[in-house]
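So you know, we letter chains A, B, ... as the sequences are listed, proteins then strands, and number each from 1.
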Amino acid sequence: MSFTTEVLLAAAGTYLLRVSVIAFAAGREIPESTRRILALVPVAVLPAIIADALVFDGAQVRDFGPWYPAFAIAVVVAATTRSVGWTLASGMGAVWILTAVWP
Amino acid sequence: MSAGSRRAFVLALGVWPFGVVYGVAVSSAGLGTWPGVLGSVAIFAGASQLSLVELHDQGAFWLVAVGTALVVNARFLLYSAALAPSFSEFPTGFRYLGAHLMTDQAVALSLLEYETEDDPLRRRGFYLGAALTLFVMWQFGTLVGLLAGGSIPDGLQLGFIIPLMFTALVVPSLRDRPALTAASVSVVVALGTSFLPVGTNILLGAVAGMLAGGLASGGGPSGGGDIGSEGVSS
């Protein structure tokens with residue numbers, strides 16, 4: 001099957017995932033207890049993506065190297081500054097410096 | 001709308017190089033400029049676009065290639081549920097078009113904003129501003145990667161931007177017991193189930209984290225837990 005057809009199929013499926021509950025829930029009352037659980041979606045999804053990207057390099061476990069300490073620095077910067085810009089800058093800066101000096 | 005785009009701008013700067021990586025992947029697999037652009041406009045979800053290119057390039061059966069992309073994107077189902085309460089106050093057309101612009105970043109920023117913003121019109125403007133800023137940057141990055149075609153020096157380690165971007169988004173929200181429980185359980189389950197097909201472990205981690213966080217919030221009267229919160233600066 002051509003790449004373009006696969007793209008169109010993936011696009012249709014992805015749109016259905018995105019619109020699913022939004023379309024279904026329109027005009028219905030969503031109970032407070034459900035809202036409380038749904039408010040946890042970002043804090044449940046993002047750490048899983050972060051951990052997966054950090055610990056795995058493709059199918060392999062990433063060897064201990066510059067990524068781990070650079071990530072620790074970025075977490076501290078994110079917690080203290082709450083700034084996206086400083087988190088990205090400190091993390092990328094740290095990983096480049098650490099890579100240059102890593103034994 | 002400007003508040004949302006302002007808040008999303010720095011994130012969009014991080015999205016840009018990731019778009020370049022995708023564009024380069026498409027062009028080095030020889031899949032053509034237009035199909036590459038179509039992927040970014042119509043799928044508009046980086047990790048799944050990259051997995052589709054990779055699997056197609058490796059000659060995977062189409063059902064496997066498309067199915068993997070959809071598993072990677074299954075988290076949008078959770079985002080759809082998370083946005084549904086606020087989106088139900090938006091006009092129908094906005095709901096259906098806005099859904100397509102959904103990204104990790106736009107959802108995380110909007111839900112954070114909605115904790116303190118109740119006006120549907122301003123909520124809508126914030127989402128649109130954030131989502132469109134990210135959309136435009138993603139297309140721009142894709143085009144640069146497709147047209148440049150060459151390879152990106154490994155030394156730049158652009159892949160590291162992904163965990164960084166999500167760290168910047170999630171850390172300010174980790175300020176009460178339900179959130180910390182959800183995050184820890186999610187990490188443990190996602191890493192523990194990493195032997196499953198790509199993307200599945202993230203979905204399982206997210207669902208387990210939500211359930212654990214929900215249990216942790218069930219006991220206290222504060223629920224979402226704004227007690228002790230320091231608020232979030234922009």
Contacting region of B:A183 [heavy-atom separation from chain A under 4.5 Å]: both

If one checks every heavy atom of A:A100 against chain B at 4.5 Å, the contacting part turns out to be neither

Parallel, tilted or perpendicular for A:Y68 and A:F64, by the 30°/60° rule? parallel

In terms of heavy-atom pairs under 4.5 Å, which option from B:F160, B:F76, B:F195 contacts chain A the most? B:F160

Tell me, side chain or backbone of A:V55 under 4.5 Å from chain B's heavy atoms, or both, or neither? side chain

Exam field: side chain B:D176 to backbone B:A179, donor-acceptor pair closer than 3.5 Å: yes

Please identify each residue that fulfils side chain to side chain donor-acceptor pair (under 3.5 Å) with B:Y79, with sequence neighbours left out. B:D104

Part of B:V53 within contact of chain A (heavy atom distance under 4.5 Å): both

Taking side chain as everything from C-beta outward and backbone as N, CA, C, O, which of these in A:S33 sits under 4.5 Å from a heavy atom of chain B? Side chain, backbone, both or neither. neither

A:Q60 atom CD: more than 12 heavy-atom contacts under 6.0 Å: no

Which region of A:A23, side chain (C-beta onward) or backbone (N, CA, C, O), has a non-hydrogen atom less than 4.5 Å from a non-hydrogen atom of chain B, or is it both or neither? both

Between atom CZ of B:R7 and atom CG of B:L112, what is the distance when rounded to the nearest 0.5 Å? 6.0 Å

Rounded distance [0.5 Å steps], CD1 in A:I22 versus CZ in B:R95: 9.0 Å

Side chain, backbone, both or neither of B:L156 within contact of chain A (heavy atoms, under 4.5 Å): both

Tell me, for B:V10 versus chain A, whether the close heavy atoms (under 4.5 Å) come from the side chain, the backbone, both or neither. both

Atom pair CG (A:L54) and CD1 (A:I49), whose distance is rounded to the nearest 0.5 Å: 13.5 Å

Pick from B:G209, B:G205, B:A42, B:S88 with the largest number of heavy-atom pairs that fall under 4.5 Å of chain A: B:A42

Anything in residues 11-21 of chain A with a heavy-atom distance to chain B below 4.5 Å? Please list those residues in order. A:A11, A:G13, A:T14, A:Y15, A:L17, A:R18, A:V19, A:S20, A:V21

Can you tell which part of B:F44 gets under 4.5 Å to a heavy atom of chain A, answering side chain, backbone, both or neither? both

Hey, can you tell me if B:H100 and B:F135 have their rings parallel, tilted or perpendicular (30° and 60° cut-offs)? perpendicular

So, the part of B:N73 with a heavy atom under 4.5 Å from chain A: the answer is both

Return the set of residues passing ring pair (Phe, Tyr, Trp, His ring centres under 6.0 Å) with B:Y114 (not counting sequence neighbours), or none when no residue passes. none

Donor on one side chain, acceptor on other, A:S2 and A:T5, under 3.5 Å: yes

Counting heavy-atom pairs under 4.5 Å to chain A, which of B:A29, B:A65, B:A84 comes out on top? B:A84

Using non-hydrogen atoms only, which part of A:F56 is less than 4.5 Å away from chain B: side chain, backbone, both, or neither? side chain

Separation between CG of B:L13 and CG of A:L88, rounded to the nearest 0.5 Å: 8.5 Å

Qualifying residue, where the test is side chain to side chain contact (heavy atoms under 4.5 Å, CB included) with A:V43 and the options are B:L169, B:L111, B:L174, B:V171: B:L174

Let me know if B:Y96 has heavy atoms under 4.5 Å from chain A in its side chain, its backbone, both or neither. both

I'd like to know which of B:I162, B:L11, B:D57, B:L31 tops the heavy-atom pair count under 4.5 Å against chain A. B:L31

Stepwise, does the salt bridge (charged side-chain N to carboxylate O under 4.0 Å, His left out) test hold for B:R175 with B:E115? CA-CA 14 Å; B:R175 50 173 196 246; B:E115 287 177 13; 2.7 Å; yes

Not counting sequence neighbours, which residues clear side chain to side chain donor-acceptor pair (under 3.5 Å) with A:T4? List them please. none

Let's test your reading of the structure: which of A:V75, A:T87, A:L9, A:L46 forms the most heavy-atom pairs below 4.5 Å with chain B? A:L46

